[in-house]
Amino acid sequence: MSSTPMDIDEPGAGTPSLNVTRLLGPNGPSTSKISEVIKNFRPTKFFQRDDVKEGRPQPYVLSIDFDDPGELCMTSESDETIQIYNVREGRHDKSLLSKKYGVKHAKFTHSSSGIIYASTKQNDAIRYLATHDNTFIRYFEGHEASVTNIALHPGSDNFLSCSLDATVRLWDLNSRNWVARFQLTNPTLAAWDPAGLVFAIALPASASILLYDYRNYVKPFKIIDVLKEKGPADAEAVFRGWTKLEFSNDGKHILLGTRTGGHFLFDAIDGNLKAYLRKPQGGTRRPAPGEADGGSGALESSGDCCFTPDGRYVVSGAAKDLLVWDTMQTPNNKVLEPNFLPQEGKKEPVLVQYNPRFNMIATADKELMFWLPVSDL
């Protein structure tokens, strides 16, 4: 296997555009299916922050997100900044400061120039920011403890937020007041199905995932009992260490990511465990949302795994390499083993996100890294 040189983003360097390829779609020309390139991903672009003062440690990346067109990648970082990158050109675009309030769980709205994020200082409000002029549009106040997750509706301006104040709140971007509040025990994660008709809330303390009908959310219409459906997973993964909750884009599966020895793949219809996605190298080191010592500013995972946009594969960070599971494979006693996407530098990919429109993966710990399919493998 030939080694793949990695481009390092250096200040002032003339960086050529990245050769990102668009995902196969029903309209217009296609470039490549995910199934044709998934085993060929390698680290291709490595970003080093040039604005960190000499003698200060490199900040940690707290979250990764892409805008809807997949053209921009955004990170929130432990030095209370938001960094935005141009995906096609493979370069850093702008840096936004949030020194007064701190920042984590930064998410693009359906406008590429609007973002929402959770505070780490002053209070626990969620802030709506216009990135073109770095001005606040609105504050969403109500949470009385640290926010652990933000989930944007796939087709509207609504979003869910989970908090250590034992509530999940439903918001509308156009109003400062919450639309609905759910009083629950330790709700740390939320997710929407691809149609925006169902949302899920994860409760690790009770080992359950609640499914709600968005048109009538008075009570959940289904509860997934993770303890009952744990399969070969150890007890630690059942009640703690939950890092990610996500529906696949084909609507077939629900992914419950954990920082332990594997992830859970559930059937989205009947709630049964389809497979336990084993991580042979062990899990990533960051604690799950709500489990870090040191308050709201402590390092926590915001997601070390995700589905590919076609819903077929799960990509995950591990102690060394990236792992990929094919959900169409038949599990052996409910266990699926991964394929490995190696990297020479062995930088732990504690955060993982797949671009929604291009064949590209972003990973991070202290530095952001872009992974692209390499054709000469």
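If you're wondering where the values come from, they're calculated on a predicted model, not measured in any experiment.
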Look only at the side chain of H92 and the backbone of Q83, and say whether a donor-acceptor pair between them is shorter than 3.5 Å. no

Using ring centroids (six-membered ring only for Trp), state whether F370 and F41 fall under 6.0 Å. no

Do side-chain atoms of S316 reach the backbone of C305 as a donor and acceptor pair under 3.5 angstrom? no

Side chains of R312 and S35 only: does a donor on one sit below 3.5 Å from an acceptor on the other? no

Modelled atom types, side-chain donor and acceptor of N359 and Y354, under 3.5 Å: yes

Using atom types as modelled and distance alone, determine if a side-chain donor or acceptor of T284 lies under 3.5 Å from a backbone N or O of R286. no

With distance as the sole test, does N332 use its side chain to make a donor-acceptor pair with the main-chain N or O of V335 at under 3.5 Å? no

I'd like to know whether NZ of K99 has more than 12 heavy-atom contacts from other residues, nucleotides or ligands below 6.0 angstrom. yes

Can we say E77 and R49 salt-bridge, meaning some charged N sits less than 4.0 Å from an Asp/Glu carboxylate O? yes

Rounded at 0.5 Å granularity, tell me how far NZ in K274 sits from CG in D270. 11.0 Å

Is there a side-chain contact between T120 and Y101 (heavy atoms, below 4.5 Å)? no

Got a salt bridge between D172 and R138, using NZ or NE/NH1/NH2 to carboxylate O under 4.0 Å? no

Backbone of E36 reached by a side-chain donor or acceptor of K33 within 3.5 Å: no

If I take atom CG from residue D65 and atom CG from residue L152, how far apart are they, to the nearest 0.5 angstrom? 8.5 Å

Give every donor-acceptor pair under 3.5 Å between a side-chain atom in residues 206-214 and any protein atom, sequence neighbours left out.
residue, atom, partner, partner atom, Å
S206, OG, L203, O, 3.4
S206, OG, S208, OG, 2.9
D213, OD1, R215, N, 2.9
D213, OD1, R215, NE, 3.1
D213, OD2, R215, NH2, 3.4
Y214, OH, N158, OD1, 2.9

Would a line drawn from the ring center of F108 to the ring center of F66 be shorter than 6.0 Å? no

Compare all side-chain heavy atoms of R240 with those of T258 and state whether any distance is below 4.5 angstrom. no

From S98 atom OG to K121 atom NZ, the distance as rounded to the nearest 0.5 Å: 8.0 Å

K279 side chain to H263 main-chain N or O, any donor-acceptor pair under 3.5 Å? no

Judged by atom type as modelled, is there a donor-acceptor pair below 3.5 Å linking the side chain of T81 to the main-chain atoms of L97? no

Could you tell me whether Q58 atom CD has more than 12 heavy atoms of other residues or ligands within 6.0 Å of it? yes

Can you check whether S111's main-chain N or O pairs, donor with acceptor, with T109's side chain at less than 3.5 Å? yes

Under a side-chain separation threshold of 4.5 Å, the hydrophobic residues clustered together with L323 are L255, L265, L277, F307, V314, W325, L336, F340

Run the side-chain contact (heavy atoms from CB on, under 4.5 Å) check on L129 and N134 step by step: do they pass? CA-CA 6 Å; L129 182 74; N134 198 23; 3.6 Å; yes

Could you walk me through whether W192 and F159 pass side-chain contact (heavy atoms from CB on, under 4.5 Å), step by step? CA-CA 9 Å; W192 296 89; F159 68 93; 5.6 Å; no

How many angstroms lie between CD in Q353 and SG in C306, if you round to the nearest 0.5 Å? 5.0 Å

Taking atom types as modelled, is there a side-chain donor on T44 or W371 under 3.5 Å from an acceptor on the other? no

Identify whether NZ of Lys or CZ of Arg in R176 sits under 6.0 Å from the centre of the six-membered ring of Y139 and within 45° of that ring's axis. no

State whether F47 and K45 meet the cation-pi test: NZ (Lys) or CZ (Arg) under 6.0 Å from the six-membered ring centroid, and within 45° of the perpendicular axis. yes

Give a yes or no on whether the ring-centroid distance for Y117 and H105 is below 6.0 angstrom. no

